[in-house]
Amino acid sequence: MRAAPKIGIALGAGAARGWAHIGVLLELAEHGIFPDVIAGTSVGAVVGGCYAAGKLENVELFARSLTKKSVFGMMDVSFSGVGLLTGARLRRRLHQALEGQRLEELPKSFAAVATEVGTGHEIWLTKGDAVEAICASYALPGIFEPVRINGRWLFDGALVNPVPVTVCRALGAEIVLAVNLVGDNGYRGSVVSDRLSIEPSLEKLAVAIESEPRRNGLFGALRGTHRRHFGKREDGAPGMGSAMMDAFNIAQGRISRSRLAGDPPDVIINARVSKIGLFDFHRAGELIEIGREAARRAITEIAEHIALTPRSDDAPPLKDD
């Protein structure tokens, strides 16, 4: 009997839309498809790292537990001047699931993609502390503080490789599946529509916080800070965080199309997520089902590739960071 080929899955960036990755992985598992190699960028690194560690259930439970109010509760304002948020609360949740885990010791091959501050080098994190690597991969410039690893300051890998197909191939995958979350048909050379704007969802979250009973002191000050950063100003202009996220999303879409055209995956799983905002983390149930649906649409094509691709005996070696 012919050995099955090594399957890799590239989990793309997309902020809250990344919960769709959970649905994709759950649906693949129901069809007996378990990727051997996982490469993730930004939220793709969060879900992918947990999956590689055998902790997908943990991240699913966390995602489904989020509400509008708890999402804002995770936004711990930074006073360092480096980023709007420290990311400490999210880091603590990751530690609860992955504490002590090292990338090179995970049950499955995994790499988190990050970008080096200053040089713009694409960094593939394949060794070291799993939580630190994941935090570096999603450290959106200006929003989260960058992460220092091995003497280098790193931030969000979506700046250089939003859907890391190339990483899967370098790690030895013979069939590469890619999950694209930029938007419907975002991998094609089409114009990005204004439906990708995150402003409505951010505004709703800001209003939800504003509707809470008013308190004086630090809480009231932080509520106002959230509003200014992630909502709209009185004149209708987006807050600083909103503008940065929107600009980043536009750039990410352009980079995704270019990278996928240059090194296309064997199968692309295109999740239809453009109607869900980048900060709609509280809509995990919907996003997980969207991911399942996207995977179901691709199952036949994936099965055909598996049937036609024998496993190679000379897969390329793992690339060290």
Side-chain angles (χ1 to χ4, degrees), residues 8-25 38-52 59 63 83 85 87 90 94 110-117 120-125 133-144 146-147 154-168 176-187 192 196-198 201 241 244-263 265 268-274 276-281 284 287 290-291 294:
I9 188 164
L11 302 178
R17 296 169 180 172
W19 296 149
H21 290 317
I22 299 171
V24 170
L25 292 168
I38 303 95
T41 297
S42 197
V43 69
V46 175
V47 176
C50 290
Y51 177 73
V59 73
L85 307 175
L90 181 55
L94 286 170
F110 171 71
V113 179
T115 305
E116 185 176 14
V117 176
H121 290 158
E122 180 178 336
I123 306 298
W124 299 353
L125 298 165
I134 292 169
C135 289
S137 186
Y138 71 65
L140 184 66
I143 302 295
F144 288 107
V147 178
L154 305 177
F155 51 35
D156 203 310
L159 286 166
V160 289
N161 199 348
V163 188
V165 172
T166 50
V167 184
C168 284
V176 177
L177 318 178
V179 184
N180 179 41
L181 304 176
V182 172
D184 300 354
N185 300 319
Y187 60 94
V192 177
L196 293 182
S197 172
I198 62 168
S201 63
M244 292 172 65
M245 285 290 290
D246 207 18
F248 188 77
N249 187 53
I250 293 169
Q252 178 183 310
R254 302 297 194 273
I255 297 167
S256 292
R257 288 195 293 275
S258 176
R259 293 296 298 254
L260 290 173
D263 188 6
I268 189 161
I269 300 173
N270 197 47
R272 296 170 178 170
V273 294
S274 62
I276 296 181
L278 295 179
F279 257 75
D280 285 347
F281 288 97
L287 285 158
I290 288 173

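Numbers here are sequence positions counted from 1. All values reported here derive from a predicted model rather than from experimental measurement.
For A13 against L181, the heavy-atom pair with the smallest separation is O-CB, 3.6 Å. Nearest heavy atoms, I134 versus G49: CD1-CA, 4.1 Å. The two residues F110 and G48 come nearest to each other via the heavy atoms CE1-C, 3.6 Å. Nearest approach of A63 to A284, heavy atoms of both residues: O-CB, 3.3 Å. In plain terms, the two heavy atoms of L94 and C135 that are nearest each other are CD1-SG, 4.0 Å. Scanning both residues, A112 and A45, for their nearest heavy atoms gives CB-CB, 4.1 Å.
A donor-acceptor pair under 3.5 Å links the side-chain atoms of S137 to the main chain of S42, judged by distance alone. Remark: the backbone N or O of G12 is paired with a side-chain donor or acceptor of H21 at under 3.5 angstrom. Between the side chain of W19 and the main chain of F281, a donor-acceptor pair closer than 3.5 Å is present.
Using a 4.5 Å cut-off on side-chain heavy atoms (C-beta onward), V43 and Y138 make no contact. Proximity of D156 to T115: side-chain heavy atoms (C-beta onward) are nowhere separated by under 4.5 Å. The side-chain heavy atoms of L154 and V117, taken from C-beta on, include no pair separated by under 4.5 Å.
Under the side-chain hydrogen bond (donor to acceptor under 3.5 Å, both in side chains) criterion, T41 pairs with no residue, sequence neighbours left out. With sequence neighbours left out, A139 forms a side-chain contact (heavy atoms from CB on, under 4.5 Å) with F144, F155. With sequence neighbours excluded, the residues that form a side-chain contact (heavy atoms from CB on, under 4.5 Å) with A294 are I269, A271, R297.
Checked options V47, L25, I9; the residue passing with I38 is I9 (criterion: side chain to side chain contact (heavy atoms under 4.5 Å, CB included)).
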Listing, residues 157-167 side-chain donor-acceptor contacts under 3.5 Å, not counting sequence neighbours, or none:
unit_1: N161; atom_1: ND2; unit_2: E122; atom_2: OE2; d: 2.9
unit_1: N161; atom_1: ND2; unit_2: T166; atom_2: OG1; d: 3.1
unit_1: T166; atom_1: OG1; unit_2: R259; atom_2: NH2; d: 3.3

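Taken to the nearest 0.5 Å, the CG atom of N180 stands 5.0 Å off from the CG atom of N270.
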